[in-house]
Amino acid sequence: MYGLPAAGRACLFSSAVREAALQYDERLPTSLSDAMRSTKASSAIARLNERDTDYRYSLGINASGMFYLLRAAPGGKPERVSPDLPLDEFVELVKKTGPQKKVRVSKLDEAFEKQLGNRARGE
């Protein structure tokens, strides 16, 4: 073990910890890709909660690894608002849910758009 570089020892340690945790709780992600998938989904939920303060959103994951969206009014019980979806479709649904952020347009962007419009018309 001492012949391994520090990064290799850290990987061995983290895999040993993960194995011990899996024996303790089988609901934990079984691989790094599972953990990354749920991180992407939970990040989308966090952004949605910042945009829409009227409700509290959360996600659920079923046994087959599909995601679903839950919504709760303040002091209310969470209700399911989406069917089971794969990760990419779930993230797209979350992006479209709730109020959308207005895109900031600077004066320079407006002038550039106007200039492009003039070129397209041949002026």
Side-chain angles (χ1 to χ4, degrees):
M1 182 161 154
Y2 291 105
L4 292 174
R9 289 193 300 267
C11 289
L12 285 176
F13 176 74
S14 64
S15 63
V17 169
R18 185 173 35 247
E19 288 302 318
L22 286 173
Q23 290 174 0
Y24 176 73
D25 189 353
E26 293 179 0
R27 294 172 297 163
L28 293 174
T30 56
S31 69
L32 187 57
S33 64
D34 289 343
M36 289 172 58
R37 288 168 37 99
S38 61
T39 300
K40 184 175 180 181
S42 62
S43 295
I45 293 292
R47 289 189 300 272
L48 175 58
N49 281 323
E50 288 176 8
R51 288 194 319 262
D52 190 358
T53 56
D54 295 338
Y55 294 100
R56 188 75 188 146
Y57 293 93
S58 58
L59 66 93
I61 305 173
N62 64 17
S64 62
M66 303 291 266
F67 296 86
Y68 55 92
L69 183 62
L70 299 166
R71 177 178 64 192
K77 189 176 179 183
E79 61 184 44
R80 191 172 178 157
V81 293
S82 77
D84 294 341
L85 298 168
L87 176 65
D88 293 333
E89 290 178 24
F90 176 79
V91 171
E92 285 302 313
L93 171 79
V94 171
K95 284 182 183 177
K96 294 176 185 175
T97 302
Q100 301 298 309
K101 279 189 171 181
K102 292 183 179 179
V103 178
R104 299 173 100 189
V105 179
S106 70
K107 291 179 183 179
L108 293 174
D109 289 335
E110 288 176 1
F112 183 66
E113 290 287 331
K114 185 176 178 182
Q115 185 179 13
L116 288 176
N118 289 341
R119 282 189 182 170
R121 288 184 288 228
E123 295 178 9

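Quick note: residue numbers are just sequence positions, from 1.
With values rounded to the nearest 0.5 angstrom, I45 atom CD1 is found 8.5 Å from S42 atom OG. The structure places OG1 of T53 at 10.5 Å from CG of L48, a figure rounded to the nearest 0.5 Å. Separating the CZ atom in R47 from the NZ atom in K101 is a distance of 9.5 Å, to the nearest 0.5 Å.
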Can you give me every donor-acceptor pair (side chain of residues 72-86, partner residue at least two apart or in another chain, under 3.5 Å) with its distance?
| unit_1 | atom_1 | unit_2 | atom_2 | d |
| --- | --- | --- | --- | --- |
| E79 | OE2 | R71 | NH2 | 3.3 |
| R80 | NE | S82 | O | 3.3 |
| R80 | NH2 | D84 | OD1 | 2.1 |
| S82 | OG | L69 | N | 2.8 |
| D84 | OD2 | N62 | ND2 | 2.9 |

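Both L93 and I61 are part of a single hydrophobic cluster, where members link through side-chain heavy atoms under 4.5 Å apart.
Nearest heavy atoms, V91 versus A44: CG1-CB, 4.3 Å. Scanning all heavy atoms of the two residues, the minimum distance from D52 to G98 falls at OD2-CA, 4.2 Å.
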Practice task
Decide yes or no on salt bridge (Lys or Arg N to Asp or Glu O under 4.0 Å) for K95 and E92, but give the supporting numbers first.
Solution key: CA-CA 5 Å; K95 284 182 183 177; E92 285 302 313; 3.7 Å; yes
Exercise for the section: Report the C-alpha distance between Y57 and T97 in whole Å, list the side-chain angles of each, state the deciding distance to 0.1 Å, and finish with yes or no for side chain to side chain contact (heavy atoms under 4.5 Å, CB included). Expected result: CA-CA 10 Å; Y57 293 93; T97 302; 4.0 Å; yes
Problem - Candidate pair V94 and F90, rule side chain to side chain contact (heavy atoms under 4.5 Å, CB included), full reasoning - result: CA-CA 6 Å; V94 171; F90 176 79; 3.7 Å; yes
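V103 is linked by a side chain to side chain contact (heavy atoms under 4.5 Å, CB included) to nothing, counting only residues two or more places apart in sequence or in another chain.
No more than 12 heavy-atom neighbours from other residues, nucleotides or ligands sit within 6.0 angstrom of OH on Y55.
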